Amino acid sequence: MYLPIIDLSMLRSTIEGDRKACVEAIAKASSEWGFFQVLNHGVNQQLLMEMRKEQVKVFTLPFEKKVSCRILNDSYRWGNPLATSLEQFLWSEAFHVPLNKISEEGCVPLEFNSLREAMEKLAEEMSKLAWTLAGVLAGNLGHAGQSFTENCDGSTCFLRLNRYPPCPFSPEIFGLVPHTDSDFLTILYQDQVGGLQLMKDSKWVAVKPNPDALIVNIGDLFQAWSNDVYKSVKHKVVTNKRVERYSIAYFLCPSYDSLIGSCRETSLYKQFTFGEFRRQVQEDVKKTGLKIGLPRFLL
């Protein structure tokens, strides 16, 4: 299934009707799907291709080196060592890197200096896109002055480099288990292998890759702030028996002490900070193996 596709060049149009139509399309997709694809997004295609090449290079390192050499600020993660069932097991590996750590001395060995340069450029371009989309969505609800970017910077936002190896075992094993994202919004660049699925009308639907598009999805914080106007939708990654899959995700997150609040006077949710939300998610996962998320904070 193809997600809604939105041409962001319309936001830069000199024709007011084009800009309005683009804003309406973004808001509608965020409300009805929680996911959409963007074209003419401003992230350089050559940079994305270079980033993919560097990503593949770092993932080909021996497992022992990825685990022990503190590459990318010791951010390497693999599987789920705490899994107690197939439903919790992850057939994937990732580097989950805070943006402000990319340039730190020692974060990237000299042999991967080109990886650092590509990540720095990508973080900058992804940030601009994320701030633009957040501003559009906030403005659509009458809060043009609402600036999520004040508390979303290099110390709070992340890049995540993902690899999903071929999985010769049970098809019940996930690359990523069903979940929602604990942020304002996520921007995803994926290859053409496929595997991303999202919940739509109580059914899992596969997202067909589009080589020219980036995928955007609403996170829990935006759903709470918008009073459920925008939807943070469950999604997962299924495994592939024969082919590995790569993706790169950008997460727009605020500082842990940021109060999420609501765009409406009467909120569906009790007030909470991002730090409180994260701690509750971690506690639930530790106890039950599953994320509960926003329902924990309903009034």
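Keep in mind it's a predicted model, so treat the numbers as computed, not measured. Heavy atoms only: backbone and side chains are in, while hydrogens, waters and symmetry mates are out.
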> Any cation-pi pair here, K66 with W78, using under 6.0 Å and within 45°?
Replying inline: no

> Is there side-chain contact between I187 and V43, with heavy atoms separated by less than 4.5 Å?
Replying inline: no

>> With no hydrogens and no angle check, just 3.5 Å: does a side-chain donor-acceptor pair link S75 and K101?
In response: no

>> Just to verify, which of V216, V233, T186 counts as forming a side chain to side chain contact (heavy atoms under 4.5 Å, CB included) with F35?
In response: V233

> Got more than 12 heavy atoms from elsewhere within 6.0 Å of CD, E104?
Replying inline: yes

> Atom CG in L188, atom OG in S247: separation rounded to 0.5 Å?
Replying inline: 5.0 Å

>> Using the rule given for salt bridge (charged side-chain N to carboxylate O under 4.0 Å, His left out), can you reason through R19 versus E16, listing the C-alpha separation, both sets of side-chain angles and the distance that settles it, and then say yes or no?
In response: CA-CA 5 Å; R19 295 197 299 273; E16 178 63 28; 2.2 Å; yes

>> I'd like to know whether F95 forms a side-chain contact (heavy atoms from CB on, under 4.5 Å) with V58, so could you lay out the CA-CA distance, the side-chain angles of the two residues, the decisive distance to 0.1 Å, and finally the verdict.
In response: CA-CA 10 Å; F95 291 95; V58 74; 4.0 Å; yes

> Within the side chain of E93, is there an N or O that forms a donor-acceptor pair under 3.5 Å with the backbone of Y76?
Replying inline: no

> Can you get from L268 to I292 by hopping between Ile, Leu, Val, Met, Phe, Trp and Tyr side chains that sit under 4.5 Å apart?
Replying inline: no

>> Please report the interatomic distance CD(E276) to CG(L259), rounded to the nearest 0.5 Å.
In response: 8.0 Å

>> Using the side chain to side chain contact (heavy atoms under 4.5 Å, CB included) definition, which of the options V205, L196, L176 pairs with H235?
In response: L196

> In the single-linkage hydrophobic clustering (I, L, V, M, F, W, Y; side-chain heavy atoms under 4.5 Å), do I15 and L11 co-cluster?
Replying inline: no

> Looking at side-chain heavy atoms only, is the closest gap between E244 and P166 below 4.5 Å?
Replying inline: yes

>> Side chains of N227 and S267, heavy atoms from C-beta outward: is any pair under 4.5 Å?
In response: yes

> Once you round to the nearest 0.5 Å, how far does OG1 of T180 lie from CG of L198?
Replying inline: 13.0 Å

> Under 4.5 Å between side-chain heavy atoms, hopping through other hydrophobics if needed: is there a path connecting W91 to V243?
Replying inline: no

>> Looking at every non-hydrogen atom in both residues, tell me the closest pair between C253 and T156 and how far apart they are.
In response: O-OG1, 2.7 Å

>> Quick check for you: to the nearest 0.5 Å, what is the distance between I215 atom CD1 and Q37 atom CD?
In response: 5.5 Å

> How long is the gap from CG on N217 to CG on D181, to the nearest 0.5 Å?
Replying inline: 4.5 Å

> What are the two closest heavy atoms between L99 and F158, and how far apart are they?
Replying inline: CD2-C, 3.8 Å

>> Please evaluate residues E50 and K53 with respect to the criterion salt bridge (charged side-chain N to carboxylate O under 4.0 Å, His left out), reporting the C-alpha separation (whole Å), side-chain torsions for both, the decisive distance (0.1 Å), and the verdict.
In response: CA-CA 5 Å; E50 180 66 22; K53 183 178 73 173; 3.4 Å; yes

>> Let me check something: do L214 and F184 share a hydrophobic cluster, defined by ILVMFWY side-chain heavy atoms less than 4.5 Å apart, either directly or through other members?
In response: yes

> Does S9 offer a backbone N or O that forms a donor-acceptor pair with the side chain of D7 under 3.5 Å?
Replying inline: yes

>> In the structure I gave you, are the side-chain heavy atoms of R163 and Y246 within less than 4.5 Å of one another anywhere?
In response: yes

> Would you say K291 and D284 make side-chain contact, with heavy atoms under 4.5 Å?
Replying inline: no

> Would a line drawn from the ring center of Y269 to the ring center of F297 be shorter than 6.0 Å?
Replying inline: no

>> Does F277 form a ring-ring contact (aromatic ring centres under 6.0 Å, His included) with F272? I'd like the steps, not just the answer.
In response: CA-CA 7 Å; F277 185 81; F272 61 90; 5.6 Å; yes

>> Using modelled atom types and a 3.5 Å cut-off, is there a donor and acceptor pairing between side-chain atoms of S31 and backbone atoms of V229?
In response: yes

> Does some side-chain heavy atom of M119 sit less than 4.5 Å from a side-chain heavy atom of V97?
Replying inline: yes

> What do you reckon, is NZ of K236 surrounded by more than 12 foreign heavy atoms closer than 6.0 Å?
Replying inline: yes

> Can you tell if the side chain of C22 reaches within under 4.5 Å of the side chain of L8, non-hydrogen atoms only?
Replying inline: yes

> Hey, what do you get for CZ (F222) to CG (L185), rounding to the nearest 0.5 Å?
Replying inline: 6.0 Å

>> Evaluate E124 against K121 for salt bridge (charged side-chain N to carboxylate O under 4.0 Å, His left out), listing each step before the verdict.
In response: CA-CA 5 Å; E124 181 179 359; K121 293 176 183 176; over 6 Å; no

> Short question: side chain of Y230, backbone of L137 - any donor-acceptor pair under 3.5 Å?
Replying inline: yes

> Is any side-chain heavy atom of H143 less than 4.5 Å from a side-chain heavy atom of W225?
Replying inline: yes

>> Under 4.5 Å between side-chain heavy atoms, counting indirect links through other Ile/Leu/Val/Met/Phe/Trp/Tyr residues: same cluster for M10 and W131 or not?
In response: no

> With no hydrogens and no angle check, do the side chains of S232 and D220 hold a donor and an acceptor under 3.5 Å apart?
Replying inline: yes

